[in-house]
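Here's the structure, in structure tokens; my notes come after.
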Amino acid sequence: MKLGVIGYGLRARTFIENNLLKPEPGLRIEALADPRAGEYAGEFRRLKQDPACYHDVDAMLAAGHDFDGLLIGTRCDLHTPLAVKVLPLKIPLFLEKPVSINEAQLTELEAAAGAHPSAAVTVSFPLRLSPFVQRARDIVQAGELGTLIQVQSLNNVPYGAVYSQSWYRDTSITGGMFLQKATHDFDYISHILGEHPVRLVARSVRGRYYGGTKTAGLQCRDCREWRTCPESPYWKVFKLNEDAGIMDKDSACAFGEDLHGGPVPGNEDASSVIFETASGIQGLYAQNFVARRDAAERGCRIIGSKGTVRFDWYRGVFEHIRHHGNRTEVWNHPRDAHGGGDIELGADFLSSMRGQPTNRSPLQAGITSARVCLACVRSSRQDPFVATNLHSQSER
């Protein structure tokens with residue numbers, strides 16, 4: 001089978017190698033469209049691939065390649081325009097999340113999806129296909145939790161500085177952290193419940209940690225505090241024994257005045273959401289980007305009248321607690337890429353390329369989650385708080 005790749009960033013590279021090429025050794029990367037295509041020659045040699053390389057998407061699509069599938073792995077602001085361009089081709093498509101970063105893009109994508117309903121699209125939502133989510137969905141859909149009352153979901157990200165020290169700091173490209181991270185969480189929650197949020201209120205915190213008074217454009221390598229700053233690659237590698245990953249010598253300062261001083265607001269330090277579904281289930285969601293090390297947590301509790309399901313991908317533990325019995329069932333799953341969902345996502349896309357789409361992570365799921373996240377963005381810019389009319393101790 002022949003794969004066309006549009007954008008060969010870190011996520012695309014790792015996903016293709018681990019979840020497409022390994023399980024399907026006969027798969028060939030037929031062509032790549034990427035302005036930096038020339039930089040990947042060494043990696044393609046290692047993978048024993050020899051794609052035709054183009055700097056322009058239109059040139060690749062016009063070259064007459066007979067693709068069995070296309071993968072869009074560009075930066076986020078290009079996901080919608082490129083999806084709109086390739087949907088009419090009716091070639092199975094793997095589309096990275098978020099599918100859109102603003103309302104105008106989402107409207108355009110919905111129209112394209114409506115015009116080409118038979119297009120096979122796999123959205124990059126691996127969490128919904130992870131064993132924990134699949135098990136939770138089975139338990140919920142079987143009615144084992146009784147009447148569903150509340151969902152409590154957390155995402156405490158231990159590598160949050162990446163969103164202030166790399167290209168992710170530009171929210172005109174990413175759309176902000178609701179669309180970067182919460183889009184996964186709202187999708188898997190909706191998948192488990194079989195319904196999605198219809199009302200919500202959201203708040204975000206900016207500038208309490210990331211951002212500050214450091215010179216705009218400052219790079220870690222040029223800073224006098226290189227060896228003492230807890231967000232420098234030096235500190236992460238030599239003090240915490242971590243892999244700095246993409247936060248390398250070119251890392252931008254996490255405390256620069258440019259993070260929140262421009263026309264586009266910088267990324268959040270943390271966000272919280274209260275939501276309701278059409279049937280009346282109440283939900284709580286929080287994401288945090290200053291947590292570190294063992295404070296990492298990503299998972300969910302679904303509480304019903306008969307029982308509770310809770311799981312955490314960082315601990316690798318899933319529990320089904322029966323409220324009115326003396327039995328708690330516990331399952332473990334090794335910590336791996338996206339909770340084991342990536343390999344399932346790859347299998348689904350390979351099936352689509354063979355002409356047998358499974359449609360477990362469809363385009364509509366990406367559109368629905370993006371719409372919820374954009375509602376969070378709108379709500380977070382309003383002021384839904386009600387004053388308690390109490391005073392702090394310092395005011396007395």
Looking at [X] and [Y], does any basic side-chain N land under 4.0 Å from a carboxylate oxygen?
X: Lys2; Y: Asp68; value: no
X: Arg315; Y: Glu297; value: no
X: Arg301; Y: Glu319; value: no
X: Glu96; Y: Arg11; value: yes

Using only atom types and a distance under 3.5 Å, with no angle test, would you say the side chain of [X] pairs donor to acceptor with the backbone of [Y]?
X: Tyr188; Y: Gly299; result: yes
X: His55; Y: Pro35; result: yes
X: Tyr210; Y: Ala161; result: yes
X: Asn359; Y: Pro362; result: no
X: Asn288; Y: Ala270; result: no
X: Ser272; Y: Gln287; result: no

Parallel, tilted or perpendicular: ring planes of Phe311 versus Trp313, cut at 30 and 60 degrees
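Perpendicular, since the angle between the ring planes exceeds 60°.
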Taking C-beta and beyond as the side chain, do [X] and [Y] meet within less than 4.5 Å on heavy atoms?
X: Phe44; Y: Asp50; value: no
X: Val309; Y: Ile321; value: no
X: Glu344; Y: Ser130; value: no
X: Ser305; Y: Leu145; value: no
X: His323; Y: Thr308; value: yes
X: Pro197; Y: Ser190; value: yes
X: Thr213; Y: Glu257; value: no
X: Ile149; Y: Ile281; value: no

Judged by modelled atom types alone, do [X] and [Y] share a side-chain donor-acceptor pair under 3.5 Å?
X: Thr174; Y: Gln180; value: no
X: Ser369; Y: Thr183; value: yes
X: Gln282; Y: Gln150; value: yes
X: Ser351; Y: Thr358; value: no
X: Glu231; Y: Tyr209; value: yes

So, for [X] and [Y], which heavy atoms are closest and what is the spacing to 0.1 Å?
X: Val198; Y: Ala278; result: CG2-N, 3.6 Å
X: Asn156; Y: Ala291; result: CB-CB, 3.9 Å
X: Gly194; Y: Gln141; result: N-NE2, 3.9 Å
X: Ala113; Y: Ile367; result: CB-CD1, 4.3 Å
X: Asp342; Y: Pro126; result: OD1-CB, 3.3 Å
X: Arg206; Y: Gly266; result: NE-O, 2.5 Å

Inspect the surroundings of [atom1] in [X] and state if more than 12 heavy atoms from other residues, nucleotides or ligands are less than 6.0 Å away.
X: Ile343; atom1: CD1; answer: yes
X: Arg46; atom1: CZ; answer: yes
X: Arg354; atom1: CZ; answer: yes

What residues, two or more places apart in sequence or in another chain, satisfy salt bridge (charged side-chain N to carboxylate O under 4.0 Å, His left out) together with [X]?
X: Lys85; value: Asp58
X: Arg135; value: none
X: Arg203; value: none
X: Glu108; value: none

Looking at [atom1] of [X] and [atom2] of [Y], how far apart are the two atoms once the value is rounded to the nearest 0.5 Å?
X: Leu345; Y: Leu350; atom1: CG; atom2: CG; result: 10.0 Å
X: Leu93; Y: Met353; atom1: CG; atom2: CE; result: 11.0 Å
X: Cys373; Y: Leu200; atom1: SG; atom2: CG; result: 9.5 Å
X: Thr171; Y: Phe178; atom1: OG1; atom2: CZ; result: 13.0 Å
X: Arg208; Y: Glu268; atom1: CZ; atom2: CD; result: 15.0 Å
X: Cys253; Y: Arg169; atom1: SG; atom2: CZ; result: 7.5 Å

Ring centroids only, cut at 6.0 angstrom: are Tyr168 and Phe289 within range, meaning strictly under it?
no
Residues in ring pair (Phe, Tyr, Trp, His ring centres under 6.0 Å) contact with [X], at least two apart in sequence or another chain:
X: His116; answer: none
X: His184; answer: Phe125, His338
X: Phe186; answer: Phe275, Tyr285

With Thr228, which residues qualify under side-chain contact (heavy atoms from CB on, under 4.5 Å), at least two apart?
Glu225
Residue set satisfying side-chain contact (heavy atoms from CB on, under 4.5 Å) with Gln134, at least two apart, ordered chain then number -> Leu129, His191
Show the numbers, then the answer: is there a salt bridge (charged side-chain N to carboxylate O under 4.0 Å, His left out) between Glu43 and Arg13?
CA-CA 9 Å; Glu43 181 155 356; Arg13 297 200 300 274; 3.5 Å; yes
Show me the donor-acceptor pairs, under 3.5 Å and distance only, between side chains in residues 375-382 and residues at least two apart or in other chains.
from	atom 1	to	atom 2	distance (Å)
Arg378	NH1	Glu103	OE2	2.4
Ser379	OG	Ala202	N	2.8
Ser380	OG	Cys376	O	3.3
Ser380	OG	Val377	O	2.8

Listing request: all salt bridge (Lys or Arg N to Asp or Glu O under 4.0 Å) pairs with a residue in residues 175-194, at least two apart in sequence or in separate chains.
Arg128-Asp187, Asp185-Arg298
Among pairs that include at least one residue of residues 70-79, which meet side chain to side chain donor-acceptor pair (under 3.5 Å), considering only residues two or more places apart or in two chains?
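Qualifying pairs, neighbours excluded: none.
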Step-by-step ring-ring contact (aromatic ring centres under 6.0 Å, His included) determination, Phe15 to Phe349:
CA-CA 11 Å; Phe15 184 80; Phe349 183 52; 7.7 Å; no
